[in-house]
Trainee: 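Take a look at the following structure, please.
Position 1 is the first residue of the sequence; numbering continues from there.
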Amino acid sequence: RLGPGNDGSTAQVDATALLVIGDEDARTICAMLGVEADTDTGRSALGEIGNIMVSSYVGALATMTGFELDLRPPESTRDMLGAVVASVLAAHSDAHEMALVLDSELEVAGEACTLSFMLLPTPAGVAELLHRIGLGD
């Protein structure tokens, strides 16, 4: 949840954040850490990286919009992208089709990997976010 900012505003935005890491990129990240992606340790490492990255993306968005953060504990899942997104949309988005997607390419020690951050706000949250970043009414 992105909540009221220091500017005295009272608006809040409920949203679900996802960090999507493809299988090959997950293996690359885990190899950099010296673990196998398909092990408990690898899944735990990817979960922690996901938590750090989502917190960073949401923190930057909060700074840009003036919202304060109220992050919920992260969850980690592995499935086909369509299945993950469909289940999140069904559970959290009130059946609308608006998402903020940020693709990132990271390079660490010469190894590149791609991550996609998705923010799925509620319909009221979409209008408030667009307004806060100067794209709404």
Trainee: If you take all heavy atoms of Val20 and Met118, which pair is closest and at what distance?
Mentor: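 Minimum heavy-atom contact is CG2-SD, 4.0 Å.
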Trainee: Would you call Asn51 and Glu48 a side-chain contact if the rule is heavy atoms closer than 4.5 Å?
Mentor: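 When only atoms from C-beta onward are counted, Glu48 and Asn51 do touch, with a gap below 4.5 Å.
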Trainee: Calculate, to the nearest 0.5 Å, the distance between atoms OG and CG belonging to Ser56 and Leu61 respectively.
Mentor: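 CG of Leu61 is found 12.5 Å from OG of Ser56.
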Trainee: Only counting residues at least two apart or in another chain, list the ones meeting side chain to side chain contact (heavy atoms under 4.5 Å, CB included) with Thr41.
Mentor: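 Per chain and number, Thr41 pairs via side chain to side chain contact (heavy atoms under 4.5 Å, CB included) with Val35, Thr39.
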Trainee: Could you name each residue pair satisfying ring-ring contact (aromatic ring centres under 6.0 Å, His included) that touches residues 25-45, not counting sequence neighbours?
Mentor: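 The answer is none; no pair qualifies.
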Trainee: Identify, with sequence neighbours excluded, every residue that meets side chain to side chain contact (heavy atoms under 4.5 Å, CB included) alongside Glu24.
Mentor: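 With neighbours one apart ignored, the set is Arg27, Thr28.
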Trainee: Mind listing the closest non-hydrogen atom pair of Leu119 and Ala17 along with its distance?
Mentor: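 Here Leu119 and Ala17 meet closest at CD1-CB, 4.0 Å.
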Trainee: If the condition is side chain to side chain contact (heavy atoms under 4.5 Å, CB included), which residues does Glu105 pass it with, not counting sequence neighbours?
Mentor: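 With sequence neighbours excluded, Glu105 shows a side chain to side chain contact (heavy atoms under 4.5 Å, CB included) to Ala112, Thr114, given in chain and number order.
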Trainee: Of all the heavy-atom pairs spanning Ala37 and Cys30, show the shortest one and how long it is.
Mentor: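 Shortest heavy-atom contact: CA-SG, 3.6 Å.
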Trainee: By the ring-ring contact (aromatic ring centres under 6.0 Å, His included) test, which pairs, at least two apart or in different chains, include something from residues 26-54?
Mentor: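 Sorted result for residues 26-54: empty, none.
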Trainee: Output all residues satisfying side-chain hydrogen bond (donor to acceptor under 3.5 Å, both in side chains) with Ser116, sequence neighbours left out; order by chain, then residue number.
Mentor: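 By the side-chain hydrogen bond (donor to acceptor under 3.5 Å, both in side chains) rule, Ser116 matches Asp103.
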Trainee: Going by side chain to side chain contact (heavy atoms under 4.5 Å, CB included), name the residues that satisfy it together with Leu115, two or more places apart in sequence or in a different chain.
Mentor: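 If we apply the side chain to side chain contact (heavy atoms under 4.5 Å, CB included) test to Leu115, skipping adjacent residues, the hits are Leu19, Ile21, Ile29, Met53, Leu106.
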Trainee: So which pairs with a foot in residues 45-64 pass ring-ring contact (aromatic ring centres under 6.0 Å, His included), sequence neighbours left out?
Mentor: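 Of all non-adjacent pairs touching residues 45-64, those that pass ring-ring contact (aromatic ring centres under 6.0 Å, His included) are Tyr57-Phe117.
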